[in-house]
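Only a predicted model underlies this, so the values are computations on that prediction, with no experimental measurement involved.
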Amino acid sequence: MEQDLIIHGVLLPAACAVVLLLVTRRWGTRVRGVSCALALLLSARANDSFGGFPPTNGWMWIVIASCAVALIGAAAGERSGSRTGRGIVCALAGCIAALLMPVPMWQSADTRLLLAGSLGAIALLLLPVGMHRGGFSFWCACSVAIAGTSAVALLTGFAKLAVALGAVSCACGWIGVASALVRPRHALHAGISGTLVLVAVSVLGAASAFGYETSSTPAWIFVAAGASPLGCWLGEAPPFRASRMASALARILGVVVIAGAAVTGAVLHANRNASTDADAYACVNDARTHASSTNASSLR
Amino acid sequence: MFCKPCIAAFALLAALPFVAATNTAPQSPAPAASSAPSNATTWKIDDVHSMAMFRVQHFGAGMFWGRFDNVSGSITTSGEGPDSVSFDIAIDPATVSSGNEKLNGHLMSPDFFSVKEFPTMTFKSTKAEKGSDGMWTVTGDMTMHGVTKSIVAKVECTGRQKMGPSERIGFEAMFTLDRSEFGMTYGIDKGAIGKSVRVIVGMEATTGGK
């Protein structure tokens, strides 16, 4: 178990952060999304038998969808500076990702449209923050958002997805730390590619967890987990905008509040189920106690 | 906005959903291995009195037991012995029961049976040979978790009884499978949950009604 934590939580994400820092100097922000998708791909590959192509397990398509989104971001690059250009890129990313998700609940045309629209809208809303607010706070906020989605997946009984999302969360954390330590004077923007992938991982991760869950977990928990990166917008609120430090802290706080609400909801739901089991065990224990006392009295 | 290589990349991405769509195509049932003899009796499995149990080693120590409550399908026999048998069994993995609600949820998730993606497990016999001890060695195709593999089961006819207008027959099948061959790998590399799973299926079938 410790070995897994080291591989998925430290070595693999740190390697992806190093790759990002190295390739960024040469190819610019285009490849930042590819680096984040790499963390997801390697972790999911190490965690599950991919079983060739196409993968047998439908959830593994989240990896392919995220890589596809990373490629769209990398191809669009810096040229899609206009609002229309960004809108087209986000819509394209949403449509491709939704089409690539053969996950239960997301296979009909209307649900795919909902998924594409959600992903595209969240990405479009987050792009201005991801493109212009570089450095530690954005990466840290995204790390918290994806960690929240990972925790929700784990609490709803999908450990493999939780580990893969956890690896991306750790990669974001490492990139944030690296950007603060290695290049403190040069903000490491996520760019279009990085922002698209981070949104895709969060939204598709929540959609997958929702699609496979079997314990009737309320839908709002998955919606909050998927949309938690939008908490970054708190840093753009007028009271915090004046100070860079206050803005950075508010950005992280906004995500912590939304992701925290989702995780708290999932914990409460899981404990409600667990309490039912505890009651069942209590009944068994009561029965045993009663039986033993009856036996003891009969022996007397 | 996009350069030529980008357009080519988009074209490639656009083709991917069709691959994804082929991945979701429902699995067609395997063809029956052999035609039934002329004096064959087809029995309908009584899902109330049939179940499948499985056991797997937990943390290299104890044996953990679980069960599936819904076993359905049909059995075809000929003769009183019977002289020949064939099985076409379906198990609903969503009826998995471990005695703990949270554990049931985990067993239904993609870490194990992925019941929303693969809602049925099936076994269709392809060959059955009766041994000198009266036990049958039944070979067949088992489909679980989206993967079909050939397995061999030891099957015993546990009894046969006339009940008014209908007749009942019982079978007990036992086999061991390697779950990693079916793409169910969770917990194997960490040594938390064993790779080898022993399965016992108790079947009661009737010629008419329940």
Side-chain angles (χ1 to χ4, degrees), chain A residues 1 3-4 46-49 51 53-61 64-65 68-69 71-72 74-77 79-82 84-85 88-89 92 95-96 98-105 107 112 153 156-161 208-209 211-215 217 270 273-274 276-277 280-281, chain B residues 1-10 12-25 27 59 93-94 96 98-119 144-148 179-192:
Chain A
M1 202 64 84
Q3 192 186 354
D4 264 13
N47 204 18
D48 200 326
S49 51
F53 185 86
T56 316
N57 299 318
W59 79 271
M60 293 295 275
W61 278 90
I64 296 163
V69 168
L71 290 177
I72 290 169
R79 294 180 208 177
S80 45
S82 69
T84 317
I88 292 170
V89 170
L92 192 64
C95 291
I96 294 285
L99 283 170
L100 285 172
M101 288 282 284
V103 169
M105 302 277 296
Q107 291 182 13
R112 278 186 200 271
T156 53
F158 197 166
K160 282 184 176 179
L161 177 66
S208 292
Y212 284 107
E213 78 92 27
T214 53
S215 56
T217 310
N273 284 350
T276 317
D277 294 334
Y281 290 130
Chain B
M1 187 169 66
F2 299 113
C3 54
K4 278 181 185 172
C6 303
I7 293 167
F10 287 154
L12 191 66
L13 288 173
L16 271 174
F18 295 103
V19 183
T22 56
N23 191 41
T24 58
Q27 297 148 11
F59 276 120
V96 66
S98 66
N100 181 290
E101 201 63 40
K102 276 177 91 173
L103 185 51
N104 291 351
H106 194 199
L107 287 170
M108 283 189 258
S109 80
D111 289 346
F112 292 98
F113 293 101
S114 193
V115 299
K116 284 201 171 177
E117 195 170 8
F118 308 112
M144 180 173 80
H145 207 251
V147 179
T148 302
R179 66 187 177 100
S180 67
E181 288 183 355
F182 293 87
M184 205 184 288
T185 54
Y186 184 84
I188 291 176
D189 54 341
K190 301 169 189 79

* Non-hydrogen atoms of A:Ala270 and B:Lys102 that approach each other most closely ->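 Where A:Ala270 meets B:Lys102 most closely, the heavy atoms are O-CD, 4.2 Å.
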
* With the side chain counted from C-beta on, respond yes when A:Asn57 and B:His145 share a heavy-atom pair under 4.5 Å apart, and no when they do not. =>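 Yes, at least one pair of side-chain atoms sits under 4.5 Å.
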
* Find out whether B:Thr185 and A:Lys160 are in side-chain contact, i.e. whether some heavy atom of one side chain is under 4.5 Å from a heavy atom of the other. =>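 The answer is yes, as the side chains (C-beta and beyond) meet within the 4.5 Å cut-off.
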
Check for a donor-acceptor pair, side chain of [X] on one end and backbone N or O of [Y] on the other, with a separation under 3.5 Å.
{"X": "B:Lys116", "Y": "A:Thr214", "value": "no"}
{"X": "B:Glu117", "Y": "A:Val103", "value": "no"}
{"X": "B:Ser109", "Y": "A:Gly157", "value": "yes"}

* To do: Enter the distance from A:Tyr212:OH to B:Asp111:CG here, rounded to the nearest 0.5 Å.
  =>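 Rounded to the nearest 0.5 Å, the OH-CG separation comes to 11.0 Å.
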
